[in-house]
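Here the structure is laid out as structure tokens; the discussion comes afterwards.
Per chain, numbering begins at 1; letters A, B, ... match sequence-line order. Any value given below was found using the heavy atoms of this structure, including those in side chains, with hydrogens, waters and symmetry copies removed.
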Amino acid sequence: MNNLIVSLIFDNIMNLLKIKGANNYKIIAYEKASRLIRDLEIDVAELIKEDRLTEISGIGEGLAENIKEIVETGTCQDYNDLAKEYPPTLISLLKVSGVGVSKVKQFYSEIGIKDLESLKEEAQSGALSQLSGIGPKTEQKILESVDKLLSEKNKLDLGEAAGLAYQLKDYIKGFKEVDSIEVVGGIRRREEIIDEIDLVIVTNDFEKTIKSLEKLPIISDVARLDDEIILADTKLGIGIKIFETGNSLFWQKVFWSTGSKEYNQKLKEIINDEIEDKIIGTFEDEQEIFKFIGLPYIIPELRDDLESIDRAKNHNLPSSIELKNIKGDLHMHSRWSDGRYTIEEMAQACQQKGYEYMAICDHTQALTVANGLTPDRLKAQWEEIDKLNETLDITILKGAEVDILEDRLDYDDDILAQLDIVIASVHSGFNNSREKIMGRIMMALENPHVHILAHPTGRLVLGRGAYNIDFERLVHKAIETNTILEINASPKRLDLSHQQVKLAHQLGAKFIINTDAHKVKQLNNMEFGVGVARKGWLEKDDVINTLRVDELKEFLAR
DNA sequence: GCCGTTTTCGGCCCGACTGTTTTCAGTCG
């Protein structure tokens with residue numbers, strides 16, 4: 001539980017150092033350390049105990065001292081000093097689109113703007129465009145972005161929220177007085193944006209549990225709402241709601257706190273009073289509750305889609321795809337472009353997951369910022385893949401994530417024809433007109449060598465809207481050209497969304513679930529992609545990376 | 001702030017493109 005708070009404070013230090021205008025390498029050092037600590041498999045407290053912090057490359061004496069201080073006290077002097085100089089609320093301004101360090105400094109020093117609220121006021125009054133370098137267009141753009149950020153305040157994407165929730169679950173599980181705990185609510189339903197972490201616990205000492213929670217550095221405040229509910233605030237902004245219940249009612253509580261409000265209302269309509277009165281016995285699991293009320297089991301992912309209740313009544317629910325059905329991951333990067341691990345390291349990790357196959361799809365030459373591969377470097381990469389295929393117990397496919405440029409793909413057809421798998425995607429011109437961006441995507445879909453359209457809409461969860469696309473037209477073209485639509489499993493993308501998956505599925509599209517991993521750890525994001533597929537009513541056969549390796553090869557050779 | 005030494009300092013370093021503004025800050029994977 002310590003890693004998250006260390007990472008958070010280092011992020012804050014990094015941002016305040018940027019605003020202060022500190023040495024860039026110092027900033028990079030904090031940024032890197034924050035990432036290292038966040039991705040660490042074990043708790044930093046363990047490393048401190050064994051005096052091994054500085055064994056991590058990137059953590060020196062100075063950072064190690066700060067880490068120790070944070071683990072002991074929840075903060076560190078370096079951060080406190082910076083926070084005295086610059087209000088930490090300034091960091092939120094850096095997220096505003098069109099605003100960087102220099103504008104934050106300008107806003108703060110010239111008109112005292114120190115948070116999103118005051119920036120909104122000044123932009124609304126027109127005071128912003130009076131400053132040098134800011135015109136009415138920038139002011140308007142800032143205002144729009146600030147409104148969006150304010151509406152997203154204290155919300156996290158599914159990946160961050162679930163990461164925190166799982167850590168909390170593990171931590172609370174260790175309390176002696178706690179018998180059972182489960183993550184429920186939006187995280188269990190696999191909502192893409194989470195505004196509250198919901199947990200159900202069975203504890204025989206409510207007060208003691210609250211006291212233990214208060215000790216956690218990531219938690220800023222714990223309060224008791226009533227006999228059954230604990231509310232807590234976190235330093236990540238998101239709130240936590242903990243439902244306390246007795247042992248005999250644990251699964252009922254899990255059941256009722258998983259569905260959305262509207263969903264539970266509709267469910268109650270079909271559960272008559274007589275049955276409801278009887279749902280007080282002890283159940284072994286949720287399956288038993290569904291059996292008791294006379295419905296087939298409805299997966300948590302569908303418990304905000306009212307249609308699933310009607311379909312359940314008619315015994316017409318899908319046989320939803322499961323994580324264990326996934327046989328391989330076909331979109332990941334290596335050090336050849338902007339990934340952080342070698343092909344061998346990625347392959348070993350995929351092997352450990354029990355995958356039969358994987359594909360390395362590094363970026364192509366136009367994406368210079370991501371060290372995209374020229375055809376010559378691509379061919380050199382093939383030699384490495386050939387060698388690994390001889391020794392490893394997993395099939396590595398040769399692929400590329402080819403950039404969809406203005407009027408062509410980033411590799412010629414003769415190169416594309418030699419690849420096992422071709423993924424096409426847009427990484428430029430996000431603001432193209434509908435006509436232009438659709439023309440580019442249509443061109444890619446029509447290319448016979450392209451198997452997959454990756455992150456088809458370009459949206460970022462809590463970050464950026466989709467390109468200006470005509471989604472149904474895109475789907476129809478994908479079906480016509482036998483191109484697979486990607487469900488990008490990165491919780492920052494979840495692109496397609498579950499609503500789009502449901503629609504495209506109805507239209508007849510086929511899908512693939514890929515992680516787009518740039519690091520070994522991101523291969524774990526597959527569960528979030530599968531969540532989108534389940535929310536989108538998909539079954540195993542709708543998703544091509546559930547095929548066995550020989551079936552997949554046959555499919556790709558088409 | 002970290003690292004690696006020709007061991008106590010010097011090197012580390014995305015960069016082309018966009019858009020609004022009038023010279024440069026912000027953006028992208």
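- Only the C1' atoms considered, B:dC12 is 22 Å distant from B:dA16, to the nearest whole Å.
- The side chain of A:Ser97 has B:dT27 as its nearest neighbour among B:dG1, B:dT27, B:dA25.
- Both A:Val96 and A:Gly135 sit near DNA chain B, but only A:Gly135 has its closest nucleotide nearer the 5' end.
- Here, B:dG19 and B:dT23 have their C1' atoms 12 Å apart, quoted to the whole Å.
- In summary, of the residues considered (A:Ile513, A:Ile452, A:Leu453), a side chain to side chain contact (heavy atoms under 4.5 Å, CB included) with A:Glu486 occurs for A:Ile452 alone.
- Heavy atoms of A:Ile56 sit under 4.0 angstrom from primed sugar atoms or phosphate atoms, though from no base atom.
- A salt bridge does not link A:Arg52 with A:Glu46: none of the charged nitrogens is closer than 4.0 Å to a carboxylate oxygen.
- For the residue pair A:Ser118 / A:Glu121, no side-chain donor-acceptor distance below 3.5 Å is found, with atom types taken as modelled.
- Proximity note for A:Pro136 (side chain, C-beta onward) versus B:dG1, B:dC3, B:dT21: the nearest is B:dT21.
- Here A:Asn24 lies out of heavy-atom contact (under 4.0 Å) with every strand.
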Side-chain donor-acceptor pairs of residues 26-38 of chain A under 3.5 Å, sequence neighbours excluded:
from	atom 1	to	atom 2	distance (Å)
A:Tyr30	OH	A:Asn66	ND2	2.9
A:Ser34	OG	A:Ser7	O	3.1
A:Ser34	OG	A:Ser7	OG	3.1
A:Ser34	OG	A:Asp11	OD1	2.8

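- Atom pair A:Glu144:CD and B:dG19:C1' shows a separation of 15 Å (rounding to whole Å applied).
- Side-chain atoms of A:Tyr25 lie closest to B:dC13 of the nucleotides B:dT27, B:dT20, B:dC13.
- To the nearest angstrom, P of B:dC14 lies 11 Å from CZ of A:Arg340.
- For the OP1/OP2 pair of B:dT21 and a distance below 4.0 Å, the side-chain nitrogens and oxygens of A:Thr138 include at least one atom meeting the criterion.
- Per the geometry, NZ belonging to A:Lys32 stands 12 Å off P belonging to B:dC14, to the nearest Å.
- Across all strands shown, A:Ile59 has heavy atoms under 4.0 Å from sugar-phosphate atoms exclusively, and none from any base.
- Counting only heavy atoms from C-beta on, A:Lys137 has its side chain closest to B:dT20 among B:dC28, B:dT20, B:dG1.
- Taking the side chain of A:Leu63 as heavy atoms from C-beta on, and the options B:dC2, B:dC3, B:dC28, the nearest nucleotide is B:dC2.
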